[in-house]
Asks: 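Below is one structure. I have some questions about it.
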Amino acid sequence: MWMKKRYVLRHGGEQFTAVVARDADGRLAVQIDDGELREVDACFVQNGRALSLRVDGRMHLIDLSPRGGRDGHGALEATVNGRYLELTVMDELHALALASVAEAAGSGTVRAEIPGLVVALQVEAGRRVAAGEPLLVLEAMKMQNEIAAPVAGTVAEVAVRVGQSVNAGDVLLVIEPEAGG
Amino acid sequence: MWMKKRYVLRHGGEQFTAVVARDADGRLAVQIDDGELREVDACFVQNGRALSLRVDGRMHLIDLSPRGGRDGHGALEATVNGRYLELTVMDELHALALASVAEAAGSGTVRAEIPGLVVALQVEAGRRVAAGEPLLVLEAMKMQNEIAAPVAGTVAEVAVRVGQSVNAGDVLLVIEPEAGG
Amino acid sequence: MGRTKITKVLVANRGEIAVRVIQGLREMGIRAVAVHSDVDRTALHVMTADEAYPIGPAPAAESYLRGDRLIATALACGADAVHPGYGFLSENAAFARACGEAGLIFIGPRPETIELMGNKLAARSRMLASGVPVIPGTETALRDPAAAAAAAREIGYPVLLKAAAGGGGKGMRVVREEADLAAALRRTMGEAGSAFGDDAVFLERYVEEPKHIEVQVLGDGRGGAVHLFERECSVQRRHQKVIEESPSPSLTPELRERICEAAVRTAAAVDYLGAGTVEFILSPQREFFFLEMNTRLQVEHPITEMVTGTDLVRAQIRIARGQGLPYRQQDLRQRGWAIEFRIYAEDPARNFMPAIGRISSHVTPTGPGVRVDSGIYEGFDVPVHYDPLLAKLVVWGEDRAQAIARGRRALQEFTLHGPGHNIPFHLWALERPKFLDGTYTTNFIDERFDPAEFQDPLPDDDRAALLTAAALYEARRRELAGPAPGNADAGAGDGNWRRSALRAMTNHR
Amino acid sequence: MGRTKITKVLVANRGEIAVRVIQGLREMGIRAVAVHSDVDRTALHVMTADEAYPIGPAPAAESYLRGDRLIATALACGADAVHPGYGFLSENAAFARACGEAGLIFIGPRPETIELMGNKLAARSRMLASGVPVIPGTETALRDPAAAAAAAREIGYPVLLKAAAGGGGKGMRVVREEADLAAALRRTMGEAGSAFGDDAVFLERYVEEPKHIEVQVLGDGRGGAVHLFERECSVQRRHQKVIEESPSPSLTPELRERICEAAVRTAAAVDYLGAGTVEFILSPQREFFFLEMNTRLQVEHPITEMVTGTDLVRAQIRIARGQGLPYRQQDLRQRGWAIEFRIYAEDPARNFMPAIGRISSHVTPTGPGVRVDSGIYEGFDVPVHYDPLLAKLVVWGEDRAQAIARGRRALQEFTLHGPGHNIPFHLWALERPKFLDGTYTTNFIDERFDPAEFQDPLPDDDRAALLTAAALYEARRRELAGPAPGNADAGAGDGNWRRSALRAMTNHR
């Protein structure tokens, strides 16, 4: 008799499901998408920060850490056999709840990805912008980074001024996306 | 107004007291033995496992970990500016409580310091032994380690037999210490 | 020049280079003094030093660039010398001069040498006079768009805009047609002004498909100089070096001899004192041109150390003490091959956007031929205010093929979580034919880097392993955290998961 | 000998050497297969390998010494070769032979060579015949106390009792007078039987104040051989090496040439195939005697790699492939100085008692000239069943003085908590005049090591820092833990400590 729990994972633009199952003896098995339920030889190592996994004799070392910052919910960093990448994992209920929230949010909100200084503003409210058009320049770590429009539309609001310091996650400006844009 | 708390520390056979004080603004000060109460510039680093301390401009890096095994209570390992050593620290009440327990315990109980295999027994119950006299041989990590009597006295009990595996902390034998020994 | 005692050195820098210099000082029995801005109290260089003193708020202009505070600190703590590292005040003649006037040894060349080489135009003229080949370009500084346009027309497009006070790849821009010149000039001047405190720029011919070759030199200050062979630094992005190797795969023995000889002539021509680097551009036709001289230690100095079996920080200190050159040219040999991978806090998948954050996981590679020069540790918060260089992975191999294979192995052993970083970029680069055959130029990243290709999907079994591991990780995390009070899914069945097999898996025996 | 394909290698070992070999294999593009006992499922070598298979319970006799299981595993996973590392089955001729019979390449010399050199007596005779100087001793194995006593009387006390099948310093005992001989014989035979499966021992003259010098050789199996110069391994305890260096500070160029030439003659005399080490005793009168030949990779091989710029694991693989010797003698040079510090899980303050436990803190040194070969990681439980060698710190310097200074610096940067370890011993050794002037002999530790002196009290300011830090640590620990329910001292005032300044101190900004 296996006890099962289902997780939703996102990686590289794709979504997967994983079922983690255990039986009364503590044996573990995992099923990915509609593959078969397979028993796994897995050990947490490095004080729980990495997993050593054996599949048919092949060793996999997967380092996992919660990703910092505001997107930390379910977001992980991983190093898989030396390859660094990101993914998210959450249990099924949680994933469903989040999906409905995400739908409500607009995609035209431009946020600062890192703390920095606004050194130039290239658009004003009311201006129509194409996707990819430069909006403003953010100086961080001595580099000037041009922030481009994620979608075509009309600038609804400019939330910062030149000379202003911003933190990661701060809204820089909001674009009202074009219908069909 | 400083809030103070007193700790008892043992290192290198000596005992010290340290008072940790903080004021309403969160400033910290420490007093060692009957020295003066001095404000300290101290930061926990490495996820709380080390302390970076500045005293009159001089930097000290002290790595601290709880010592494993059965003696872990208040026992620490430290690396002080590259030098590795051991010490114990506990708050004053706790230290007082432990001191009374320690007095009651005999010093003639010989325990295994590491897991190993008993490969030879050189004494039997009732035998008088001198301090430093070999009692038994414990094989661990392919080395044969002779265990010597910590005190002079009479062997009251031999708790193991040849061929037996023992764990760290297991009693090997008990010596009834000689009066004045 | 008499011998001078150096018993305590203030290191006027931060990050990995400050740590490197402090390690060198400790090995020589010299007390190392660190300085730090307010956000750097817990930086590795501060923890590694014998003494450390605060010098101001986070912005470099108010701390690491405050020469007056650095000198006052050095005098107050009884230091007899200052090591500037690279960047910050390392090529600031006024600071070097002020050190001397305060009775402190500045570990670097004389202020006049820094001034000369810091002024790219003056350096050009001097090199021309010494018979070192230089690239065609403007002879005077430019600030006016019209004058720039005229000069560019004369040189011919494409041209390179360079901050006169710049260096280390900062403050440079290629302009391919006149329409882009004015805007590029404005931006370059802006960056130059904020980064170097001097907005003068100049123009030179832009060599297409160039290779960046540089030569490490040591000078005794009296016209004596040796070279420690070349480094190739053609893997660059935004004129910032990313991967360097030594020897260069592009030089024949004959070309190596000529280019190294030109570097020694450069150093000798200015009575160079201490460690410096002469940078050259190598054209596809194997012409080489003097680019500039960096009058300080380079980020990439370790590859020279590994190939030549030397210690450049120790050499700097010895020369500063007046002990003369520590090596004779005939004793210097290249052995094997070294490659440096700069580990930057920047995300290659997001156009190399700078990244910050707390280092949450940090496992560095070990074993043969691996050197890590690092400015970070687990738990350190990478601040936003400074250069994004976190660490350098340097590998040595018996030959280039082994160095590359070892680099790949070591990069795969490197785990770094917290801020995004460019280790994936390095692994990508090590698979490119242009890198593997050594024919890459400074256009390598711009032309070859494709984030899509770079994000190749994982092989199936790696992906299955990742998904399995992540699901188990989440299952264990929830189990250890326990059902939160009021958490909707903390139902009856859930409690059974606590203290279960997942917990027992930890370092399973 | 034709060329042989090697695409997958089973590493029949554990710990740091298995990791080192796996790293070498990965760099060559060869798949690495680890094996492990039940307690080693989470050992570093298992996590580092491409594939890994269990081979039995914890005791080595039931796992790492089970040649049959190793061969079955290699065949089942499609490996074409076996690398034995050092220890375990590395010098077991029967295992090497069984590998060959199973169609697996044994990466090491031919079984007959292992047999010859494994039999110390046969090796002696062969060396005598080849004109290599050997030490006076018994010509046959001993098991009987009376025969041993007679032989010892003839050689003259002190004598050295050695397990005929021993090696790596295991199974040796000095006997200074006849009264101690019988007991020593019994114990040595006991250890030899349990460690090597063969209790035969023999006796030889014990040289007082000897130095242990060994020479690395590579042979092509057809009488061709080169040497990679010497290592000095005189810092030993219980005949176990603790610190090794290369070059030896005891050799003149002339003596170096003679001793290296004798090593090449030894290898050539037996048509040696692969990597091996010829060990010599050097007397205070500068006589040298053949001691034994280790027919495998040595623990201390990295110092040779650093000084000669070579890769011995790669050389082993190339020779095993039938590619012949990868180096010509005239291309091999010593450059600089390397020292290896073996990091053992043993407590020098408690008579070097072996220690075990979970690695709770593990910060390895970085920077120039530092190599760490490690078998551990943070969170790993050091098991009781095997050799206590956790890792090796290897440093390289331009000269001996720099290597020593660098060693001190790197040892101070090394933080290792969990099991007790001997880093304090290494720091102690680096302050001893006998070590610093290079005149130490194999008696160094026995004669010089004084736990009292070793536990010098801390300087006052270090002690004050320690006490301050420990008190703050305990204060913060209690604060983070919070007052336990029912804890007597969780009084009213105590709650104020929670979320206070101590917590705010963490990576204070």
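All chains are named by letter (A, B, ...) in the order of the sequence lines, taking the proteins before the strands, and each is independently numbered beginning at 1. Quick note: numbers below take in every heavy atom, side chains included, and nothing from hydrogens, waters or symmetry partners.
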Asks: Between atom CZ of R335(C) and atom CG of D331(D), what is the distance when rounded to the nearest 0.5 Å?
Replies: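 Atom-to-atom, R335(C):CZ and D331(D):CG are 11.0 Å apart.
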
Asks: Checking heavy atoms, do the side chain of E413(D), its backbone, both or neither come under 4.5 Å from chain C?
Replies: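 It is the side chain, since no backbone atom gets that close.
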
Asks: Please name all residues satisfying ring pair (Phe, Tyr, Trp, His ring centres under 6.0 Å) with H417(C), sequence neighbours left out, ordered by chain then number.
Replies: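 Once residues adjacent in sequence are excluded, the partners of H417(C) under the ring pair (Phe, Tyr, Trp, His ring centres under 6.0 Å) criterion are Y84(A).
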
Asks: Given that the side chain runs from C-beta out, which part of V307(C) has a heavy atom under 4.5 Å from chain D: side chain, backbone, both or neither?
Replies: backbone

Asks: Please identify each residue that fulfils side-chain hydrogen bond (donor to acceptor under 3.5 Å, both in side chains) with D462(C), with sequence neighbours left out.
Replies: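 Scan of D462(C) (side-chain hydrogen bond (donor to acceptor under 3.5 Å, both in side chains), adjacent residues dropped) gives R58(A), N81(A).
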
Asks: Here's a test for you: under side chain to side chain contact (heavy atoms under 4.5 Å, CB included), which of Q23(D), K392(D), R371(D), R20(D) qualifies with T366(C)?
Replies: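 The single option meeting the side chain to side chain contact (heavy atoms under 4.5 Å, CB included) with T366(C) is Q23(D).
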
Asks: Output yes when D311(C) and R406(D) qualify as a salt bridge under the 4.0 Å nitrogen-oxygen rule, no when they do not.
Replies: yes

Asks: R26(C) versus Q412(D): any side-chain heavy-atom pair under 4.5 Å?
Replies: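 Yes, side chains in contact.
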
Asks: Hey, are the side chains of D373(D) and P368(C) touching, using non-hydrogen atoms and a 4.5 Å cut-off?
Replies: yes

Asks: Drop me the distance from E378(D)'s CD to E378(C)'s CD, to the nearest 0.5 angstrom.
Replies: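 Here the rounded value is 6.5 Å.
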
Asks: Are the side chains of M306(C) and W396(D) in touch, meaning some heavy atoms are under 4.5 Å apart?
Replies: no

Asks: For the interface with chain D, which of A405(C), G336(C), A58(C) has the highest count of heavy-atom pairs at distances below 4.5 Å?
Replies: A405(C)

Asks: Using a strict threshold of under 4.0 Å (side-chain N to carboxylate O), is an ion pair present between R408(D) and E27(C)?
Replies: no

Asks: Taking NZ, NE, NH1 and NH2 as the nitrogens, is one of them in D399(D) or R314(C) under 4.0 Å from a carboxylate oxygen of the other?
Replies: yes

Asks: Which of the residues V394(D), T310(D), I404(D) is involved in the greatest number of heavy-atom pairs with chain C at under 4.5 angstrom?
Replies: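 Sorted descending by pairs with chain C, the first entry is T310(D).
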
Asks: Could you look at P302(D) and say if it's the side chain, the backbone, both or neither that has a heavy atom under 4.5 Å from chain C?
Replies: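 Contact with chain C: none, neither part.
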
Asks: Which atoms of T308(D) are under 4.5 Å from chain C, going by heavy atoms: the side chain, the backbone, both sets, or neither?
Replies: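 Only the backbone of T308(D) comes within 4.5 Å of chain C.
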
Asks: Sort out for me which of G367(C), G29(C), G24(C) touches chain D most, counting heavy-atom pairs under 4.5 Å.
Replies: G367(C)

